[in-house]
Amino acid sequence: MSSSINTPTHFIRNIIDQNKRGVTTRFPPEPNGYLHIGHAKSICLNFGLAEDYNGRCHLRFDDTNPHKENAEFIEAIKRDVTWLGYTWGGEPRFASDYFEQLYQYAVELIKKNKAYVCDLSAEETRVYRGTLTERGKDSPYRNRSIDENLDLFARMRAGKFTDGQCVLRAKIDMAAPNINLRDPAIYRIRHGVIHHQTGEAWCMYPMYDFTHCLSDAIEAITYSLCTLEFEDHRPLYDWFLDTLAVPCHPQQIEFSRLELQYTITSKRKLSQLVDEGVVANWDDPRMPTIAGLRRRGFTPASLRDFCRRIGVTKSENNVEMSVLESCIREDLNDNAPRRMAVLHPLKVVLTNYDEDKTEKISAANHPQKEEMGQRTVPFSRELYIDREDFREEAPKKFKRLVIGGEVRLRNAYVIRCDMVVKDAEGEIIELHCSYDPDTLGKTPEGRKVKGVIHWVSAADAIPAEIRLYDRLFTQAHPDANSLEGNFLDYLNPDSLRTLTHCFVEASLASAQVEDHFQFEREGYFTVDPDHHQGQLVFNRTVTLRDSWAKIEKTG
RNA sequence: UGGGGCGUCGCCAAGCGGUAAGGCACAGGGUUUUGAUCCCUGCAUACCCAGGUUCGAAUCCUGGCGCCCCAGCCA
């Protein structure tokens, strides 16, 4: 039944294994923003469980607060779940599909003397609720008759009251130590909002606690998985289902939400980044949204692997960025074809190479996977290499190009630097080198050349824009309560560096949006949607692991 | 004694009374026309603390301590 070798077990699987009652789960996003990496954890859990246990997982929009929701988010959410590799069978569901049934359940609650219409204002309600340590006190409207409540509730629906004039409340226990049980509101009045699904059919909307458990029951969900902050709501979840005549009673199980270091996963704050223009949009490659990660160059497989690696528990899930990076590197190392691209071009002239000559050099698309084939790269007298690969004064361990030194041009010849050409300001503008014609595909005679650098032929190279991304925040926990100030104070000013004068090898002319490549020695890159003929744009997904950077840093 | 939850390596995480899996990170070494990949090796006498039960405890009991969540007519 459960777990293959690569799906580690966890406490929820253990519960399912013990229960042996089939698996129907649901992923219930509210369409008030884009899905983020934390949702990916929930998606992989819910859809993954359904897959592994031969069950079903419903995509259900929790759309009970139309004021904050819209159709654009619905489409984005469907796209992201699909992109991650999951299907929900048929049409997505909406909590709003059940509004009429929910209304009838509310009537049933009133008839059972378990709900009442309360005229207290929001502020008064707060006072009556008590505090964490002091019990609340009963609303003066708590003992209205069933008939009066039935009439009032019908008039709420009919639009006879204004926003906030009254609410329907569950009648539970104002002295309950769990605040959620102190007669929670279950319907509130909202005039004038056009609901994206139901239009103007309703002027009042059910609250989450009432809606969620009943929607689960209506859909015959067996396991209703949610995050830890809903643990306190479970007694309420169970109370509604125990009090009402429902077809089944799903089991709510809570797990800890994902915290990814150096980013945020609060929809409110992500919205703020978009609204205030801190990032370009929800799919900005710096965003931890699924759309952002996709545009950054993450693959569905890498995200699923990430969710598998981080596990599912009830303890704090405070994950280092290195885990995510490891996942995407592992996927792309296997699957991304290699290419050469020069980010900071420095011209090299091979003084002993014929001026009119161009060779077609064959280069492997993957050093370990022959089946990925070869492509040809043009080689000529004038090339570009990266400025970082040449040093006038180099530390002893530097094994790239230095004056008088030799280096291997990846896939091509060994060259020696003979002369440095500088402009009036002393800036290096080009290097004069000579190549050894006897080193194509073979090691040179009598000497060892340790360094290998990448290059592109100047005449054939295609100009490109390359966008380098770094973490969005400078603090591991930018929204931690203990940190002074606003999370916006910890924005990383270097989270995006745009390089507009890069050169990539000719074969990249045909690259398509979302294609993945390894630019050798630089990292993994993907084609940005801004990419078009005449303007190639690549996003750096992640750098290669770089032990040289460590050596240089520590000396 | 407001309620709920959590505490196993720097970060995740197995473990469910029989003597601490694994991943990431980190540190060494080997191969290499990517300082990449790959391959070895190392990395908790110790499981928040203190008592107790037991031949035996991370696992059971008792008492502490620490951290997280809850006072929306948000979800």
Side-chain angles (χ1 to χ4, degrees), chain A residues 8-10 14 28-30 32 62 64-65 67-68 118 120-122 125-127 129-136 163-169 176-182 184-190 204-205 207-209 211-212 226-235 254 256 261 267-268 308-327 329-330 333-334 338 340 364 366-368 397-400 407-412 414 439 441-443 449-454 476 481 518-523 543-552:
Chain A
T9 190
H10 51 68
N14 293 342
E30 183 189 7
N32 67 344
D62 226 324
T64 57
N65 189 6
H67 187 68
K68 294 182 171 177
C118 180
L120 252 24
S121 69
T125 303
R126 179 160 39 76
V127 173
R129 185 160 36 231
T131 70
L132 293 178
T133 52
E134 302 160 52
R135 55 171 53 191
D163 285 12
Q165 195 178 341
C166 56
V167 294
L168 183 70
R169 290 227 255 168
N178 179 343
I179 285 190
N180 296 118
L181 264 18
R182 317 237 263 232
I186 57 183
Y187 268 91
R188 78 291 212 185
I189 297 169
R190 287 289 177 275
M204 64 178 188
Y205 293 94
M207 302 282 291
Y208 166 85
D209 285 306
T211 307
H212 204 90
C226 61
T227 43
L228 247 30
E229 66 268 29
F230 291 101
E231 211 151 18
D232 288 342
H233 294 244
R234 190 177 37 195
E254 311 84 13
S256 53
Q261 294 188 0
K267 259 203 254 180
R268 208 206 91 234
R308 185 187 62 78
R309 291 196 203 185
I310 62 177
V312 179
T313 66
K314 294 180 74 123
S315 49
E316 276 185 34
N317 199 214
N318 196 322
V319 179
E320 293 178 346
M321 198 57 98
S322 65
V323 181
L324 219 206
E325 291 175 346
S326 169
C327 291
R329 285 192 183 116
E330 187 176 302
N333 176 55
D334 272 357
R338 287 353 56 150
M340 291 195 286
H366 189 112
Q368 281 83 226
K397 287 182 176 171
F398 189 79
K399 58 185 205 191
R400 282 115 93 151
V407 75
R408 159 77 62 183
L409 291 178
R410 174 72 168 155
N411 297 123
V414 169
T439 52
K442 57 169 116 163
T443 50
V449 176
K450 282 200 353 206
V452 179
I453 65 173
H454 59 281
N481 303 327
Q518 183 197 96
F519 289 169
E520 290 195 87
R521 306 207 312 129
E522 291 289 358
T543 61
L544 257 28
R545 214 181 257 114
D546 188 359
S547 54
W548 165 246
K550 284 177 198 163
I551 294 169
E552 203 175 30

Touch class at under 4.0 angstrom, heavy-atom based, for [X] against every strand present:
X	answer
Glu325(A)	nothing
Thr64(A)	sugar-phosphate
Phe230(A)	base
Leu132(A)	base
Gly441(A)	base
Val319(A)	sugar-phosphate
Ser326(A)	sugar-phosphate
Asn411(A)	base
His454(A)	nothing
Arg400(A)	base
Ala122(A)	base
Ala549(A)	nothing
Gln368(A)	base
Arg338(A)	base

NZ/NE/NH1/NH2 to OD/OE distance under 4.0 Å, Glu330(A) and Arg309(A): yes

Would you mind checking if Glu231(A) and Lys314(A) are paired as a salt bridge, meaning a charged N to carboxylate O distance below 4.0 Å? yes

Tell me if the side-chain of [X] makes a donor-acceptor pair with the base of [N], cut-off 3.5 Å, by modelled atom types.
X	N	value
Gln518(A)	U34(B)	yes
Asp232(A)	G3(B)	yes
Glu316(A)	G7(B)	no

Can you check whether [X] has a side-chain N or O nearer than 4.0 Å to OP1 or OP2 of [N]?
X	N	result
Arg190(A)	C74(B)	yes
Arg521(A)	G35(B)	yes
Ser256(A)	C6(B)	no
Arg188(A)	A75(B)	yes
Ser315(A)	A13(B)	yes
Thr211(A)	A75(B)	no
Lys550(A)	C26(B)	yes
Arg129(A)	C73(B)	yes
Thr125(A)	C73(B)	no

Spacing between [X] atom [atom1] and [N] atom [atom2], to the nearest angstrom:
X	N	atom1	atom2	answer
Ile453(A)	G35(B)	CD1	C1'	13 Å
Leu228(A)	G7(B)	CG	C1'	13 Å
Arg308(A)	G22(B)	CZ	P	15 Å
Glu520(A)	U32(B)	CD	C1'	12 Å
Leu181(A)	A71(B)	CG	P	14 Å
His10(A)	G15(B)	NE2	P	11 Å
Ile551(A)	A36(B)	CD1	P	8 Å
Phe398(A)	G35(B)	CZ	P	11 Å

Is the base of G64(B) syn or anti, if syn means a glycosidic angle within 90° of 0? anti

Roughly how far apart, to the nearest Å, are C9(B) and A20(B) at atom C1'? 11 Å

Would you measure the distance from the C1' atom in C65(B) across to the matching atom in G72(B) and give it in whole Å? 33 Å

Is_stacked (Tyr208(A), A75(B)) at 5.5 Å, 30 deg: no

Once you apply the 3.5 Å cut-off to both distances, tell me the Watson-Crick or G-U wobble partner of [N], or none.
N	answer
G63(B)	C49(B)
G72(B)	none
C38(B)	G30(B)

Scan side-chain atoms only and decide if Asn32(A) and Glu30(A) contain a donor-acceptor pair under the 3.5 Å cut-off. yes

Would you say Arg182(A)'s side chain and Arg129(A)'s backbone share a donor-acceptor pair under 3.5 angstrom? yes

For Thr313(A), is there any backbone N or O sitting under 3.5 Å from a side-chain donor or acceptor partner on Ser256(A)? yes

Under the side chain to side chain donor-acceptor pair (under 3.5 Å) rule, what do Thr211(A) and Asp62(A) come out as? Steps first, then yes or no, please. CA-CA 8 Å; Thr211(A) 307; Asp62(A) 226 324; 5.7 Å; no

With sequence neighbours left out, the residues meeting side chain to side chain contact (heavy atoms under 4.5 Å, CB included) with Glu320(A) are Gln261(A), Ser322(A)

His212(A) side chain near Pro28(A) side chain, heavy-atom distance below 4.5 Å: yes

